[in-house]
Amino acid sequence: KDATVWRKPSEEFSGYLYKAQGVVEDVTNRIVDHIRPGPYRLDWDSLMTTMDIMETFEENCCVMRYTTAGQLWNIIAPREFVDFSYTTSYKDGLLTCGISLDYGEVRPNFVRGFNHPCGWFCIPLKDYPSHSLLTGYIQTELRGMLPQSAVDTAMASTLANFYSDLKKALKT
């Protein structure tokens, strides 16, 4: 209902490129403020358990470390990611993109995942300026010993829940 999720084989690694798309009732700046690294993300993203900005290069450019909760009854153990993140204007909207870095030691009890080039595009709808089209391209390599079917199930449900959780957060 909230989003459509597609996948195709990635050209970056042996997994999939996921595309998620949905209309969100709010303006682009406010939506992206809730998605990019910063104070809002932990408040509403049920998958994310911690987030630390490790280095800031300029206002919209940083290295962040975050952890995610276990999924599918902990078949997928908690993961840790270290990503370079950059947010910028793009045409009439905003783009926030990132890629994982080999940075620092992995914390105990986590598997270090890796995000290949990823991004979220948020553009206003021309006929409904108080609504925006939010499109995400995600290429996450969860790593560890996981069956691809578990990864596929987790990614599809995680991306669909991302939209419904975001919409709830924007209403408050």
Side-chain angles (χ1 to χ4, degrees), residues 3 5 7-20 29-90 93-122 134-148 150-163 165-166 169:
V5 179
R7 74 171 190 172
K8 73 174 198 170
S10 172
E11 295 177 11
E12 299 286 326
F13 73 113
S14 61
Y16 289 95
L17 164 66
Y18 292 87
K19 177 183 178 185
N29 284 345
R30 191 155 183 269
I31 293 167
V32 171
D33 279 347
H34 278 70
I35 294 173
R36 66 174 159 189
Y40 296 115
R41 188 69 184 261
L42 279 175
D43 290 342
W44 66 269
D45 191 336
S46 60
L47 185 62
M48 195 173 281
T49 55
T50 67
M51 181 179 60
D52 302 305
I53 306 295
M54 299 175 72
E55 284 189 55
T56 300
F57 303 105
E58 55 188 65
E59 184 181 350
N60 296 317
C61 182
C62 68
V63 173
M64 67 176 199
R65 178 176 53 201
Y66 63 97
T67 57
T68 60
Q71 297 178 60
L72 298 176
W73 304 280
N74 269 345
I75 292 171
I76 299 176
R79 294 300 197 261
E80 173 185 72
F81 296 86
V82 176
D83 289 358
F84 171 79
S85 177
Y86 183 71
T87 303
T88 188
S89 297
Y90 176 78
L94 292 167
L95 161 66
T96 186
C97 56
I99 187 169
S100 283
L101 304 172
D102 184 19
Y103 189 102
E105 295 294 319
V106 179
R107 290 187 266 189
N109 303 320
F110 291 97
V111 174
R112 175 70 60 92
F114 189 89
N115 287 316
H116 294 270
C118 298
W120 289 94
F121 298 88
C122 190
L134 179 62
T135 305
Y137 294 92
I138 311 300
Q139 300 184 95
T140 298
E141 190 172 352
L142 295 178
R143 296 183 172 165
M145 303 297 288
L146 295 171
Q148 188 62 47
V151 173
D152 294 342
T153 299
M155 287 299 294
S157 64
T158 295
L159 289 169
N161 290 338
F162 179 90
Y163 280 83
D165 290 349
L166 174 61

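Note that the coordinates shown come from a computational prediction; the quantities given were computed from them, not determined experimentally.
Contact annotation: the side chain of Tyr16 approaches that of Gln148 to within less than 4.5 Å [non-hydrogen atoms, C-beta and beyond]. Using a 4.5 Å heavy-atom threshold, the side chains of Leu142 and Phe81 count as touching. In this structure, Leu101 and Met54 have side chains that are not in contact, with every pair of non-hydrogen atoms separated by 4.5 Å or more. Side-chain contact between Phe84 and Phe57 is present, with heavy atoms from C-beta onward closer than 4.5 Å. You'll find the side chain of Arg7 stays beyond 4.5 Å of the side chain of Met155, heavy atoms only. Proximity of Leu94 to Arg36: side-chain heavy atoms (C-beta onward) are nowhere separated by under 4.5 Å.
Here the straight-line distance linking atom CD of Glu141 with atom CZ of Arg112 works out to 13.0 Å at 0.5 Å rounding. Rounding to the nearest 0.5 Å places OG of Ser85 at 7.5 Å from CD1 of Ile53. Rounded to the nearest 0.5 Å, atoms CG (Leu95) and OG1 (Thr135) are 11.0 Å apart. For the atom pair Asn60 CG and Thr96 OG1, the distance stands at 8.5 Å (nearest 0.5 Å). Put simply, CZ on Arg41 and CE on Met64 are 6.5 Å apart, with the number rounded to the nearest 0.5 Å.
Ring geometry for Phe114 versus His116: interplanar angle over 60°, hence perpendicular rather than tilted (30 to 60°).
Each of Phe162, Tyr86, Tyr137 was checked for a ring-ring contact (aromatic ring centres under 6.0 Å, His included) with Trp120, and the lone residue meeting it is Phe162. Residue Tyr66 forms a side-chain contact (heavy atoms from CB on, under 4.5 Å) with just one option from Asp52, Val82, Thr49, Asp83, and that option is Asp83.
Nearest heavy-atom pair, Tyr163 versus Leu134, reported as atom, atom and distance to 0.1 Å: OH-O, 2.7 Å. Minimum heavy-atom separation, Ser10 to Gln139: OG-OE1, 2.5 Å. Leu42 and Met51 get closest at one heavy-atom pair: CD1-N, 3.8 Å. Scanning all heavy atoms of the two residues, the minimum distance from Gly113 to Ser100 falls at O-OG, 4.3 Å. Taking every heavy atom of both residues into account, Ala154 and Ser157 meet most closely at O-OG, 3.3 Å.
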Let me see the working for Asp152 and Tyr18 under side-chain contact (heavy atoms from CB on, under 4.5 Å), right down to the final yes or no. CA-CA 10 Å; Asp152 294 342; Tyr18 292 87; 2.9 Å; yes
Step by step, would you call Glu12 with Ile99 a side-chain contact (heavy atoms from CB on, under 4.5 Å)? CA-CA 12 Å; Glu12 299 286 326; Ile99 187 169; over 6 Å; no
Candidate pair Arg107 and Thr67, rule side-chain contact (heavy atoms from CB on, under 4.5 Å), full reasoning: CA-CA 10 Å; Arg107 290 187 266 189; Thr67 57; 3.5 Å; yes
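Counting non-hydrogen atoms of neighbouring residues, nucleotides and ligands closer than 6.0 angstrom, the CD atom of Glu58 exceeds 12 such neighbours. Within a 6.0 Å radius of CG in Asp102, no more than 12 heavy atoms belonging to other residues, nucleotides or ligands are found.
The side-chain contact (heavy atoms from CB on, under 4.5 Å) test applied to Pro78 returns Asn74, Phe110, not counting sequence neighbours. With sequence neighbours excluded, the residues satisfying side-chain contact (heavy atoms from CB on, under 4.5 Å) with Ala169 are His34, Trp44.
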